[in-house]
Structure formats: C-alpha cells, structure tokens
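These numbers come from a predicted model, not from an experiment. We count residues from 1, following the sequence as given. What you see below is based on every heavy atom in this structure, not just the backbone, and it leaves out hydrogens, waters and symmetry mates.
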Amino acid sequence: MKRAYTLFFLLFLRCVMGLGQQVCGRVTDIQGKPLQAATINIHWQDDKSHVGSVSSDSSGLFIFKDLAIDRFYRVRVSLIGFETWSKDSIGIGANSTVELDVLMVPKSSNLEEVSVTAERPYIEKRSDRTVITPDVMLTGIGGTAFEALEKSPGVQLDRSGNIRLSGKAGVSVYVDDRPAYLTGEELKGYLRSIPLAQIDRIELMTNPPSNYDAAGNGGIIVLHTKRYRSRGVHGGASLAYQQGRYGRTINSADIAINREKWAMAASSSLSTTNTYTDLDILREFGDGQVVMSPIFSQNTWIRRKGISIGGRLGTDYFLDESNTFGINLSLQSSPIVLESYVESWFMTSSEILDSILQANNREDRTFSNLGTNFNYRYKKPGSEQKLTVDLDYLVYNGNNEQYFDNTTYLSSGEPIALESQFGKVPNDIRIYSVKADLIHPVGNALRVSTGLKSSRTMTDNDADFYRILEEKLIVDLEKTNHFRFRESIHAAYVNMDGKYGNWNYQAGLRFEGTISGGHQLGNGSQPDSSFNRRNMDFFPTLYLQYRPSGESKHAVSMNYGRRVDRPHYAWLNPFVTPFDKYTYYIGTPYLKPSYIQQAELAYNFQPLLDLTLAYGKVSDLMSETIRIQDGVYYSQQDNLGLSTTMSATLNLSYVPLKGLTLNCHAAIHSINTKSEIFGQNMDTRGTYRLVRPTITYKLSERWSFQVDGEYQGSQKFAQFTMKERIRANTAINFKMNSICSFNLAITDLLHSDINAGDIGYLGGAYATFSTVRDTRFVNLSLRYRFTKGTKNDRNYQGGGAQSEQQRTG
C-alpha cells in the first residue's frame with residue numbers, strides 16, 4: 001500500500017510540475033503493478049492527426065505536455081502480451097491536466113478481445129459543427145446513409161427529396177470529403193447505396209469554415225466512413241434484409257491491411273432496390289384555365305427495381321515519418337428500372353366523368369461514376385504543420401431511356417386515341433480538380449491555414465425524343481435538344497483559429513472566381529443559343545466561443561458566414577423532360593446563383609443540452625416552381641427573390657437511470673418568402689415544428705432496446721403548403737460477442753409517414769398531392785468485425801473535387 005501511495009505521489013508531482021496543458025497517467029496490470037515500456041500514442045480526435053508518442057517509465061508513469069487547448073484527444077496504450085487500451089473524447093482546457101488510470105488486460109485465448117473505450121455520445125457539439133454517431137440509433141442499424149440522415153437532428157427531407165438542414169435548402173453532402181452525386185430522388189438513391197455499417201460519424205455544419213467550398217446555402221453534411229488504423233489485417237461484413245411490401249437487401253464488406261511502410265483499404269457494397277410509390281394528384285382549373293376538363297384527378301403507381309454495386313480502394317505509402325503518398329479509386333454502378341401505371345380521370349365541375357387516360361410507362365436508368373484521387377501529405381514531426389496536395393479526376397455517365405404508351409377512353413370505355421413516345425437522354429460529366437492546403441501553427445495559441453483550389457467541369461447532355469406512329473420513329477423537335485456546359489472555379493482562402501483567455505476564436509476569408517458558359521445546339525425548330533458568365537465573390541466566416549474555464553461544462557458561442565448556392569448542372573439544361581403526358585420538368589440556362597448570410601447564437605451545457613438561435617437571409621433564392629399552361633403541369637427551378645429564416649433548435653440528452661438514455665431534438669423554423677411569380681406578388685410566411693424523441697434502454701451488456709419517433713408540423717414555403725407528418729420506429733439489438741451482433745428494427749410502425757400538401761399561385765388553378773411510399777418495413781441485420789494488430793494511427797483521406805460533384809444532378 002505504501003508503494004502505491006508513493007507511485008501516485010510521483011504521478012501527481014510530475015503533473016503539477018509540467019508546463020501548459022497536459023495529459024498524464026499511470027499504466028498498471030490487473031493486479032495494480034506498474035508496467036514499463038508501454039507505448040502511449042495521443043491523437044487529435046477530429047482529424048486523427050498524430051500528436052506524440054511516449055513510453056511508460058519503471059513506475060508506469062507517462063506525460064504529454066504543452067498540448068493545444070480546446071481540442072479533443074484520443075489516447076491509445078499498447079504493450080506486447082496485453083490488449084490495447086484506449087480512451088476518446090479527452091478535452092483539454094487552458095492550464096488544465098487530465099489524469100488517466102490505464103489498466104492493461106493480458107491477452108488470452110480464453111478471453112474475448114477487450115477495448116476499454118469511452119462511449120461516444122450520439123450528439124457532440126463543437127464550435128463550428130455538430131457531430132453525430134449514427135450507430136447509437138438502433139432503428140437505423142442495417143439501413144443506409146439515407147436512413148441515418150433522416151434521423152439526424154436538424155435534417156429534413158422536402159417533398160422532392162432534397163435535403164434541408166435547420167430549415168434551409170441548398171445542402172452539400174460529402175462522403176469522405178467528396179460530395180454526393182445527384183439531387184432529389186437521385187441523391188436519395190445514391191445515399192441508399194451506402195450501407196450504414198460503413199459510416200463512422202456524420203458532421204453537420206450550417207456555417208462551414210473557409211477551408212470548405214462556399215457552395216451550399218444550407219451548409220454541409222459530411223459522412224465519414226469507418227477506417228482501420230492498426231497494423232495487421234482487419235475487416236468486417238454487414239448483411240441486412242428489409243421486408244416491406246417488397247423485399248430488398250443491403251450488404252457490405254471491407255478489409256484493411258496496414259504494414260510498416262504501406263497501408264491498403266478496400267470496401268464494397270451490394271444493395272438491391274425493390275419498392276413503390278403511390279402518388280395521387282388533383283388539379284382543378286378555374287375559368288381562365290379551362291383548356292381541358294375542369295377537374296383532373298390522377299393516380300400513379302411506380303415500381304422501382306434495381307441494383308447498386310459500389311467499391312472503394314485506397315493505398316498509402318509512407319516514405320518516411322513526414323511524407324506520405326496516396327491513391328484512391330472509387331466506382332459505382334446503379335442500374336434501375338421504373339415501371340409506372342398511370343390512370344387519369346377528366347371530370348366536369350360537377351364531378352361527372354368525361355374521359356379516362358391510361359398510361360403504361362417504363363424508364364431504364366443507368367448511372368455510373370469513376371473517381372480517381374492522387375494525394376501527397378507532408379507533416380512535420382512533433383508539430384501541427386502540415387501540407388496536403390490533391391489531384392482529382394471524376395467521370396459520371398448516365399442514360400435514361402423512356403417508353404410512354406398513352407390510351408384515352410371515353411367514359412363508356414371506348415378507346416379514342418393512342419399515343420406512344422420514346423426518349424433517350426444520355427449525359428456525361430467530367431471534373432478535374434487540383435487543391436493544396438497548408439496548416440502552420442504560430443506559437444501555442446494560434447494556427448493559420450491557407451490553400452488554393454482550381455477545378456474545371458464539363459457536361460454534355462443529349463436528348464432525343466420520338467413519336468411512334470405505325471412502328472416508325474418520328475423526331476419530336478420540341479423536346480429533342482443538345483446542351484453543353486463548361487465551368488471553372490478558382491479559389492483561395494486563409495483561416496485562423498486560436499484562443500485568448502477564455503475565448504476561442506476562428507476567422508476566415510475565402511475568394512472564389514467562377515467562369516461558366518453554356519451552348520444549346522439548335523435543331524430544325526430551335527436555333528442555337530449560348531451564354532457566358534463571370535462571378536467573383538468573397539465569403540467571410542467568424543466563430544467565437546466563451547467558456548468560463550477549461551473544466552466548465554458551460555459554453556456560449558456565435559458564428560457568422562456568407563455562402564453561395566450555384567445551380568445544379570441539370571437545372572441549367574433547357575430540356576423539356578416528360579414525366580407523363582400532362583407533367584413535365586424543364587430547365588433554364590438563365591438561373592442565377594443565390595447567396596445567404598447567416599448568424600447563429602448558441603448555448604451548450606455538456607452533455608445535457610445545447611440551444612441554438614439562427615437567422616438567415618437568402619437573396620435570389622433558387623426553388624422549385626410549378627406553373628400550369630394549356631393544362632400541362634411544368635416543374636422547374638427558378639429565382640424567387642428574398643427569403644428569411646428564423647430558427648430555434650434544442651438538443652437534449654439525459655440519463656435518468658442506469659442503462660436508460662433519453663435524447664430529443666426539437667426545432668421551430670419560421671420562413672418568409674417574398675417574390676413575384678408568374679405575374680403575381682407572393683408573400684408567404686410559415687412556422688413549422690419538428691420533434692424527434694429517442695428512448696434507449698440497455699437491458700444488459702448484450703441486449704439493448706430502442707423506440708424513436710418524429711413529428712413534423714405543417715409548413716408553408718413559397719408555393720407549397722405541406723401537411724404534418726408522423727412516424728414511430730422500434731429496434732432491439734443483441735451482441736453475441738465483441739465481434740458479432742444482430743439487430744431487428746421496425747420502421748414507420750403505423751405507416752403514417754405520408755408526404756402530402758397543396759400548391760398555390762397557379763393562376764386560377766388549384767393542385768394537391770399525396771405520396772405514399774414503402775416506408776413501413778422490418779429490417780433484420782447481422783454485423784461481423786475482426787481485427788488483429790497493434791496501434792498505428794497513420795491515415796489520410798484525400799479529395800479535392802468537392803462542391804462540383806454535389807451539382808451533378
């Protein structure tokens with residue numbers, strides 16, 4: 001006992017005599033005996049950068065001095081013959097010391113693998129972002145990245161499938177520093193191809209720092225996939241089967257091999273799609289719009305069947321302690337078939353049936369992409385100084401072959417007209433990008449980051465439409481088109497972050513110059529046209545955070561930023577693309593970018609709650625608009641004018657009893673949109689509420705149970721008024737051992753998640769819609785992980801082609 005007191009006194013003496021912020025501790029075995037020569041590594045938790053390594057002395061003691069303030073660290077301890085010990089989320093404040101008691105467990109063939117790790121919280125609030133751990137949501141296990149985003153606090157999906165963050169559209173989605181591929185339904189399809197088993201964490205940034213691209217009025221969502229950083233061979237697999245009205249699967253596997261001089265990681269996914277959409281649309285026409293029957297009622301049943309195959313391969317070569325070269329390849333292919341049956345009823349104003357239109361439509365869609373990345377990293381040993389260079393080349397290829405057969409019947413059932421149409425819409429997008437970033441510390445309290453980026457995007461979209469008459473193809477010149485678009489973006493930024501007293505600060509300025517041009521090739525009925533644009537913009541950001549002391553759980557912060565939302569490439573394409581005979585999508589090459597200025601004020605009390613108040617003002621807001629002309633329903637993106645958003649969001653996390661955890665996200669958003677639309681003055685204001693509660697109960701070390709739900713109140717935005725939505729989910733999880741687990745989840749128990757609403761400002765017409773999807777299903781999943789090796793925290797993920805990919809929809 002006397003020896004133990006002496007060792008603790010030595011530990012205390014070493015800690016109090018250290019300089020600056022520090023982490024110290026003592027390494028012992030399970031009998032309390034000190035262990036000498038254990039290897040202790042410390043890393044930054046956010047980007048995994050290595051900070052330093054030491055060995056325990058004869059008393060088992062170790063210490064890291066002069067650590068950067070207001071950072072979270074990860075400590076790993078390894079020793080031959082013992083299981084690796086680890087601890088995350090170690091916070092360091094000014095002149096603070098964190099003491100660790102490291103208990104090393106001997107390796108044994110009779111013992112399961114042991115990792116003493118601090119449990120990661122579901123929500124972690126940082127000064128410039130919110131970090132989500134999706135594995136905590138049991139009802140999402142076995143699902144995809146799409147389900148993970150649906151359950152993330154502050155994230156909503158609008159009627160078109162576009163993502164909103166804290167009530168604002170124009171969100172850029174990144175996967176390992178590379179953006180998602182499409183928008184709307186296409187983006188949802190891509191996110192559904194990424195198994196949740198491969199997602200480590202999700203970062204939500206409403207006001208991203210200046211080292212990120214300025215694109216995205218709603219902010220940035222970053223999905224980080226899981227990475228192994230231990231020497232040896234590691235990997236895992238996830239199998240999931242979902243049964244709703246139809247069955248589908250989500251499967252993935254990954255492996256990593258890490259050696260002294262090189263590391264390689266590969267992952268693959270195979271998912272099937274088999275689902276439906278039941279869409280009801282009602283359109284009523286006033287006197288000024290009567291070009292067809294006064295009432296048009298339509299039901300569309302869409303069946304989606306397809307497969308998604310994806311793979312990633314990355315390798316790093318460690319030239320020495322400072323220099324690393326890397327290559328990353330990614331590939332995805334997602335063919336899908338959409339078969340739809342449409343029945344439309346044309347009625348008089350007294351709802352007497354006049355005629356019926358029946359359509360059997362089919363779309364064969366293919367989408368594939370290949371991404372290549374070459375990167376170089378230099379990191380000065382023992383310093384935060386770092387230089388990274390990325391070269392990217394990305395290719396996206398898609399094709400959509402459409403077959404439409406429309407037959408019109410009288411109310412008596414007699415056919416009176418038959419129309420058939422065929423369309424082929426291939427598209428090709430190529431992105432080149434070069435990017436360099438430098439991080440340089442200035443003393444112990446300031447870090448300066450600066451960088452340059454240049455990218456070039458080229459798109460080529462061709463559309464050939466034909467009317468089919470007596471088995472002959474006749475070119476439809478109204479819809480046939482060919483559009484080419486070129487864009488170059490050149491950017492430079494500087495960012496500074498540091499600490500002064502009890503204040504943490506970060507300030508940045510980003511410059512982006514954009515040169516773009518489009519060429520619409522003519523045909524027999526449409527002449528050539530082209531346009532060219534140049535924009536030069538500055539985007540400032542500022543973050544301030546006050547914490548009464550380094551150990552305080554209270555913090556108050558504010559931030560400000562300016563961002564831009566550039567048109568997606570598909571929105572600039574002036575094609576007229578049919579959905580059915582009376583519904584079309586049309587693009588416009590004259591769409592202007594929109595800009596947002598946003599400020600936030602937040603209070604955080606760890607780990608119980610955080611409250612954020614936000615105000616955002618958008619000019620030249622880009623939004624979907626609907627117009628009805630000659631009885632045809634046209635959807636297109638347009639610039640609406642001015643929109644303001646005021647928001648209040650609250651995140652709560654409370655543990656009232658051992659094993660019981662309560663989480664809740666609540667938000668109120670007030671949106672006001674002012675614009676002139678189709679010759680009418682529009683001034684819409686709406687306030688809607690969002691509540692997402694989660695109850696998790698850990699029955700034992702092996703069994704866990706969870707119930708969660710969501711309520712979205714009715715809301716108004718521009719032309720659209722959305723009805724309230726509600727859903728409830730439940731799940732139970734069983735851990736067979738440390739490497740294998742089963743999960744059973746039921747999503748949307750009551751099948752009440754229905755997307756419905758109405759559309760206004762249609763010039764004398766009125767429209768409503770209701771969409772029912774295959775949202776109620778049972779999900780049974782199996783996860784298996786294996787790992788063998790000692791700690792080696794060297795890892796780098798390159799990627800410079802960022803905002804360009806987000807706009808490939």
What's the verdict on side-chain hydrogen bond (donor to acceptor under 3.5 Å, both in side chains) for Thr775 and Asp748, showing C-alpha distance, side-chain angles and the deciding distance?
CA-CA 6 Å; Thr775 55; Asp748 195 11; 2.6 Å; yes
Side chain to side chain contact (heavy atoms under 4.5 Å, CB included) between Asn399 and Glu401, intermediate numbers included:
CA-CA 7 Å; Asn399 188 41; Glu401 293 189 358; 3.6 Å; yes
Salt bridge (charged side-chain N to carboxylate O under 4.0 Å, His left out) evaluation trace for Arg776 with Asp753
CA-CA 9 Å; Arg776 180 171 58 185; Asp753 191 3; over 6 Å; no
One pair to check against side chain to side chain contact (heavy atoms under 4.5 Å, CB included): Thr673 and Leu642. What are the steps and the verdict?
CA-CA 6 Å; Thr673 306; Leu642 184 66; over 6 Å; no
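Between Phe367 and Tyr396, some side-chain heavy-atom pair lies under the 4.5 Å cut-off. Side-chain contact between Pro153 and Ile132 is present, with at least one heavy-atom pair separated by less than 4.5 Å. Looking at Thr645 and Ser670, their side chains never come closer than 4.5 Å, going by heavy atoms from C-beta outward. Looking only at side-chain heavy atoms (C-beta outward), Trp301 and Glu339 stay at 4.5 Å or farther from each other. Val632 has its side chain out of reach of Arg627: every pair of non-hydrogen atoms, C-beta onward, lies at least 4.5 Å apart. Looking at heavy atoms from C-beta onward, Asp638 lies out of side-chain contact with Ile677 at the 4.5 angstrom threshold. Looking only at side-chain heavy atoms (C-beta outward), Phe485 and Thr457 stay at 4.5 Å or farther from each other. When side chains are defined from C-beta on, Ile221 counts as touching Ile163, because their heavy atoms get closer than 4.5 Å.
Residues Gln520 and Ser529 bring a donor and an acceptor atom of their side chains to less than 3.5 Å of each other. In summary, the side chains of Asp364 and Tyr403 do not present any donor paired with an acceptor at a separation below 3.5 Å, with no hydrogens or angles considered. Looking at Gln598 and Tyr560, their side chains never bring a donor and an acceptor atom within 3.5 Å of each other. Remark: the Gln637 side chain and the Thr588 side chain contain no N/O donor-acceptor pair separated by less than 3.5 Å. Judged by distance alone, the side chains of Ser152 and Glu150 never bring a donor and an acceptor atom under 3.5 Å apart. Side chains of Asp683 and Asn672: a donor on one and an acceptor on the other come within 3.5 Å. A donor-acceptor pair shorter than 3.5 Å cannot be found between the side chains of Ser516 and Glu487. Side chain to side chain, Arg562 and Gln597 fail the donor-acceptor criterion of an N or O pair below 3.5 Å. Judged by distance alone, the side chains of Asn639 and Asp620 never bring a donor and an acceptor atom under 3.5 Å apart. Donor-acceptor pairing under 3.5 Å is lacking for the side chains of Lys424 and Gln402. For the residue pair Glu600/Thr206, the side-chain donor-acceptor check at 3.5 Å is satisfied. Using modelled atom types, one finds no donor on one side chain facing an acceptor on the other under 3.5 Å when comparing Thr273 with Arg304. With no hydrogens or angles considered, a side-chain donor-acceptor pair links Thr348 and Ser350 at under 3.5 Å.
When the ring pair (Phe, Tyr, Trp, His ring centres under 6.0 Å) test is applied to Phe777, no partner is found at least two apart in sequence or on another chain. Residues forming a side-chain hydrogen bond (donor to acceptor under 3.5 Å, both in side chains) with Asp280 (at least two apart in sequence, or on another chain): Asn299. Listed by chain and residue number, Tyr584 satisfy the ring pair (Phe, Tyr, Trp, His ring centres under 6.0 Å) test with Tyr634 (two or more places apart in sequence, or in another chain). Not a single side-chain hydrogen bond (donor to acceptor under 3.5 Å, both in side chains) links Lys716 to another residue, sequence neighbours left out. Under the rule for a ring pair (Phe, Tyr, Trp, His ring centres under 6.0 Å), the partners of Tyr688 that lie at least two apart in sequence or sit in another chain are His669. Contacts of Tyr585 classified as side-chain hydrogen bond (donor to acceptor under 3.5 Å, both in side chains), with partners at least two apart in sequence or in another chain: none.
When atom types are taken as modelled, the side chain of Arg164 and the backbone of Gly170 share no donor-acceptor pair closer than 3.5 angstrom. Of the possible donor and acceptor atoms, none in the side chain of Thr277 sits under 3.5 Å from a partner among the backbone N and O of Ile302. A donor-acceptor pair under 3.5 Å is absent between the side-chain atoms of Asn427 and the main chain of Asn461, judged by distance alone. A donor-acceptor pair under 3.5 Å links the side-chain atoms of Arg563 to the main chain of Ala215, judged by distance alone.
Partner Thr139 forms a side-chain hydrogen bond (donor to acceptor under 3.5 Å, both in side chains) with one of Asp708, Asn729, Thr747, Thr730 and no other, that one being Asp708. With respect to Glu710, the salt bridge (charged side-chain N to carboxylate O under 4.0 Å, His left out) criterion is satisfied by exactly one of Arg689, Lys151, Arg692: Arg692.
When all heavy atoms of Ser647 and Ser166 are compared, the closest pair comes out as OG-O, 3.6 Å. For the pair Asn681 and Tyr761, the tightest heavy-atom approach, listed with the atom from each and the gap, is O-CE2, 3.7 Å. The shortest non-hydrogen separation linking Met205 to Val222 is CE-CG2, 3.6 Å.
For an aromatic pair to be called close, the ring centres must be under 6.0 Å apart, and Phe346 with Phe296 satisfies this.
Annotation: cation-pi geometry satisfied between Arg303 and Tyr246 (NZ/CZ under 6.0 angstrom from ring centroid, within 45° of ring axis). At least one cation-pi condition fails for Arg283 and Phe769: the charged atom is not both under 6.0 angstrom from the six-membered ring centre and inside a 45 degree cone around its axis.
Residue Ser770 holds its OG atom at 7.0 Å from NZ of Lys723, rounded to the nearest 0.5 Å. Here Leu609 contributes atom CG and Asn651 contributes atom CG; the two are 9.0 Å apart, rounded to the nearest 0.5 Å. Between atom CD1 of residue Ile586 and atom CD of residue Gln629 there is a gap of 9.0 Å, rounded to the nearest 0.5 Å.
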